[in-house]
Novice: 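Below you will find the structure I want to go over with you.
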Amino acid sequence: MECDTCRNKLLEYLDRDLAGDVRTELEAHLTECAGCREELQSLQETLALVARMPAPEPSETFWQQYLRELRQNVATPTWSSRIRDWFASLTVRPIPAMATAIALVVAVFLTWNIFTEQATPPTASLVLTEQLALSQDLELLRDMELLEALELLEDWDVIESTSDRPRAA
């Protein structure tokens with residue numbers, strides 16, 4: 001391993017983030033190279049100094065600004081802003097939006113056709129059915145009139161016998 005590569009991997013080595021083969025190679029290089037060992041020692045001392053330093057406390061103005069920005073970012077968007085954002089996203093993604101619109105129009109058209117076909121019965125067959133029922137009723141009425149005429153003919157003898165008598169004046 002070259003020294004430049006080794007120095008670039010020293011922080012990962014100290015954080016124990018190196019894979020097995022690379023770690024073994026780096027440790028082998030460190031046993032052979034005094035300059036890289038000194039670099040590692042210097043890096044360890046610097047990290048130890050930084051770890052001992054107290055963390056600075058942010059000022060009150062920092063916290064106020066931080067909380068203000070946090071509230072703005074976390075605030076619940078209004079209904080109108082959601083709609084505006086949705087329409088704005090359509091300009092970014094025009095193909096899926098167009099496909100969705102076409103699918104919606106086709107679905108509405110097909111649904112409309114199905115419901116209008118079911119809602120209106122076929123008028124031609126309805127008219128034919130009504131005419132057939134009416135003609136059957138007329139036939140029945142004609143048969144009834146014929147039956148009445150037959151009954152009158154049967155009673156004709158009775159009528160004639162009563163008409164032969166002289167009428168009383």
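Because the structure is predicted, anything quoted here is derived from the model rather than measured. Positions are given from 1 along the sequence.
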Novice: As an exercise, state the distance from OG1 of T5 to CG of L10, rounded to the nearest 0.5 Å.
Specialist: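 CG of L10 is found 11.0 Å from OG1 of T5.
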Novice: Check side-chain contact (heavy atoms from CB on, under 4.5 Å) between R16 and all other residues, then give those that pass, not counting sequence neighbours.
Specialist: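 With sequence neighbours excluded, R16 shows a side-chain contact (heavy atoms from CB on, under 4.5 Å) to R23, given in chain and number order.
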Novice: Please check if atom CG in N8 has more than 12 non-hydrogen atoms from other residues, nucleotides or ligands closer than 6.0 Å.
Specialist: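 Yes, because the 6.0 Å sphere around CG of N8 holds more than 12 heavy atoms from other groups.
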Novice: For a quick test of reading the model, state the closest non-hydrogen atom pair linking L26 to C6 and the distance between them.
Specialist: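 Heavy atoms of L26 and C6 come nearest at CD1-SG, 3.0 Å.
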Novice: Measure the spacing between CD of E25 and NZ of K9 and express it to the nearest 0.5 Å.
Specialist: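 Answer for the CD-NZ pair, E25 versus K9, is 10.0 Å.
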Novice: Checking the side chain of T46 only, and the main-chain atoms of S42 only, is there a donor and an acceptor separated by less than 3.5 Å?
Specialist: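 Present.
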Novice: When you group the ILVMFWY residues by side-chain heavy-atom contacts below 4.5 Å and let the links chain together, are F109 and V106 in the same group?
Specialist: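 Result: yes, single cluster for both.
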Novice: With a 6.0 Å cut-off (strictly less than), is the heavy-atom count around CD of E2, excluding the residue itself, greater than 12?
Specialist: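 Not buried by this count: 12 neighbours or fewer within 6.0 Å.
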Novice: Going by the angle between their ring planes, with limits at 30° and 60°, are Y66 and F62 parallel, tilted or perpendicular?
Specialist: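 Aromatic pair Y66/F62 classed parallel.
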Novice: For E45, enumerate each residue passing the side chain to side chain donor-acceptor pair (under 3.5 Å) test, keeping only those at least two apart in sequence or located in another chain.
Specialist: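 For E45, the residues satisfying side chain to side chain donor-acceptor pair (under 3.5 Å) (neighbours in sequence not counted) are Q41.
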Novice: Does the side-chain contact (heavy atoms from CB on, under 4.5 Å) test come out yes or no for L14 and L40, once each step is laid out?
Specialist: CA-CA 9 Å; L14 289 174; L40 178 64; 3.7 Å; yes
Novice: Roughly how far apart are R37 CZ and H29 NE2, rounded to 0.5 Å?
Specialist: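 One finds 9.5 Å between CZ of R37 and NE2 of H29.
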